[in-house]
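A quick write-up on the structure given underneath.
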Amino acid sequence: MPTLSERYLLRDEVEHLYAHYCATLDDGRIDFWPDFFVEDGQYRLTTRDNHERSMPLSLILCRGQAMIRDRALALQKTVMFRSRRQRRMLSGIHLLDGGDVEREGVRARTSFVLYESLGDDPTRVIASGCTHDVLVRRDGELKFSQRLLVIDASVMPDSLVFPI
Amino acid sequence: MKPSMPWPSEGVRRVPAVVYTDEAIYQREQERIFRGKTWNYVGLAAEVANPGDFIQSHVGSIPVVLVRDREGLLRVFVNRCTHRNAQVCHEQRGHAKVFTCPYHQWSFGLDGRLAGIPFRRGINGKGGMSSCFKAEEHGLEPLRVTERHGVVFASFAEDVEPLEAYMGPTILAYFDRVCDGRPLRVIGSMRHRVEANWKLQIENLKDPFHAALLHSFFVTFGIWRSDQDTHVEVDEPGRSSVLVSTASFTRATQSVVEQQSDSGGDFRLEDSRIIAHQREYEHGTGAILTLWPNLIVLQQLNCLAMRHVRPDGPNACVKSWTFFGYESDTPELLEKRLLQANMLGPSGLVTIDDNEVLAISQAGARSAPDSSAVLEAGAGTGSADHMLTESAIRAFYQYYQKIME
């Protein structure tokens, strides 16, 4: 059983990871996105509609850091899109009891909103939803071993170019 | 007022911008095309497997409900209470015994009949429905329904030809190539709204030229490229077509790369599972069928999807993708379908390109309503054994003009 101060320290570390993750992607540094995952880390983004029906389809499915690197590179090298600014709001970090951050990892649940500003248009909400994450400490640093993002809406207002 | 269809003298080698932007033309499309003699995709039979199962869908911009009735028959109704117009179905999908309008609780059976009205005879002999009211005249508005190999279509027209004749032999053969009668299994859906007229999305899948220029991801990995074995098949009326391509999975030769302004260069996948293909069909590794008016039957490597393009006013459409496989799929094949789906949909490494060019094409059309798009690649409106033609788009507009005049 971790002590209260250990729990506070872990919580601080987790908050730092999420803040760093969001700031990196908001700054457009998709090239650093893979660094937040462990080698066999999974990234999966789907809709609540698919998730609640246990449909296996995802909007983004990366099995392993290599696939995450491939997506990051593909977005930089082969995909055409208008430049845009994104802003990720993340809140309600809820650490679930039980997991060991040094071993199988700590489970976390969070809520998010993604805003996007494109061209002359006013800022709009692209997605809101929740995440089911697993965080592990590797070589002294917290990383994601799993990110499952579930978008609330079944219809996206447009493309979701960069990962949430 | 009859909207004008101001086609330039070049005929179908031009497409006037107003067909993408004009409200009156949009309304005429709803009447002439979607309420006309067309078979409109509404869903897969597997989505309504049991009596009482329903899903919401659309025919053109009109909301409809696809439901399996107590006898197991597929029914499609307009989602509108015949009393005061409120929608009777509010869930995207589910299971129901009756559809009850929340406003005055008119309830409709799964066969669409008006089955119950509260206070029909009033209270204590006072009020209630008039003596001339006939419940049998007020069922939900039904559409004609047909199904082929697990795919369900509906029509407002009484006199639409049978689906097989509507498709014609060429299109039917490609439809049956994927939907061959094996039970289909839905694996999930993606939906997104794009600020582009619905026809721009349909044209996009009749335009083999763009695939090898815009889609660097396809080009880089040899999935869809202008130097590969490709053909375009157009049906007799010109309204439906299919693009067929055979992936080489080899990297582009220097001459192709030089034509490509921003090809992926030396980009290589570290984990090539997202394009790892298991051969399932003869004739091409990808066959993309556009069925008049607004269904795309997509087979790209192991990804199978019904992509339904719902018009949402002249300036937008909602792309609704239903991904599927077969009940008989091995876990390995299902995994391939799931990983390859990374290329498609709102976050698709290939589809994002299309979403973006469609939106900027719509913006351009809106800015210049007197302009016309130019379709001068190749000639005529027939089939071709190469990619460098716009014949399938010309064929589409030849038929479109005929229906809209």
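Just so we're clear, the structure is a prediction, and the values are computed from it rather than from any experiment. First the proteins, then the strands, lettered A, B, ... as listed; each starts at 1.
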Contacting moiety of [X], where chain A heavy atoms sit under 4.5 Å:
X        : answer
B:Arg337 : neither
B:Val350 : neither
B:Gln340 : neither

- Message: Could you check whether A:Arg137 pairs with A:Glu13 (Lys NZ or Arg NE/NH1/NH2 to Asp/Glu carboxylate O, under 4.0 Å)?
- Response: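 Counted as a salt bridge, because a side-chain N and a carboxylate O are separated by less than 4.0 Å.
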Within 6.0 angstrom of [X] [atom1], more than 12 heavy atoms from elsewhere:
X        : atom1 : result
B:Arg193 : CZ    : yes
B:Gln278 : CD    : yes
A:Arg138 : CZ    : yes
B:Arg93  : CZ    : yes
B:Glu195 : CD    : no
A:Glu39  : CD    : no

- Query: Can you tell me how far CZ of B:Arg273 sits from CG of B:Leu339, rounded to the nearest 0.5 angstrom?
  - Reply: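 Answer rounded to 0.5 Å: 6.0 Å.
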- Task: Could you please spell out the steps behind the side-chain contact (heavy atoms from CB on, under 4.5 Å) verdict for B:Leu344 and B:Leu298?
- Result: CA-CA 10 Å; B:Leu344 303 172; B:Leu298 180 140; 3.7 Å; yes
- May I ask you to name which of B:Val318, B:Val194, B:Val186, B:Asp354 has the most heavy-atom pairs under 4.5 Å with chain A? B:Val186
- Do you know which of B:Asp271, B:Leu334, B:Val357 has the most heavy-atom pairs under 4.5 Å to chain A? B:Asp271
- Message: Checking ring pair (Phe, Tyr, Trp, His ring centres under 6.0 Å) between A:Phe144 and each of A:Tyr43, A:Trp33, A:Tyr18, which is the one that passes?
- Response: A:Tyr18
- Query: Which members of residues 150-159 of chain A, sorted by number, sit under 4.5 angstrom from chain B on a heavy-atom basis?
  - Reply: A:Ser154, A:Val155, A:Met156, A:Pro157, A:Asp158, A:Ser159
- Item | Contact residues of residues 54-74 of chain A (partner chain B; heavy-atom separation under 4.5 angstrom) | A:Met55, A:Pro56, A:Leu57, A:Ser58, A:Leu59, A:Ile60, A:Leu61, A:Arg63, A:Ala66, A:Met67, A:Arg69, A:Asp70, A:Arg71, A:Leu73, A:Ala74
- Do the side-chain N and O atoms of B:Asn204 and B:His210 include a donor-acceptor pair separated by under 3.5 angstrom? yes
- Query: Taking C-beta and beyond as the side chain, do A:Arg124 and A:Ile126 meet within less than 4.5 Å on heavy atoms?
  - Reply: yes
- Message: At a 4.5 Å cut-off on heavy atoms, which part of A:Arg53 comes close to chain B: side chain, backbone, both, or neither?
- Response: side chain
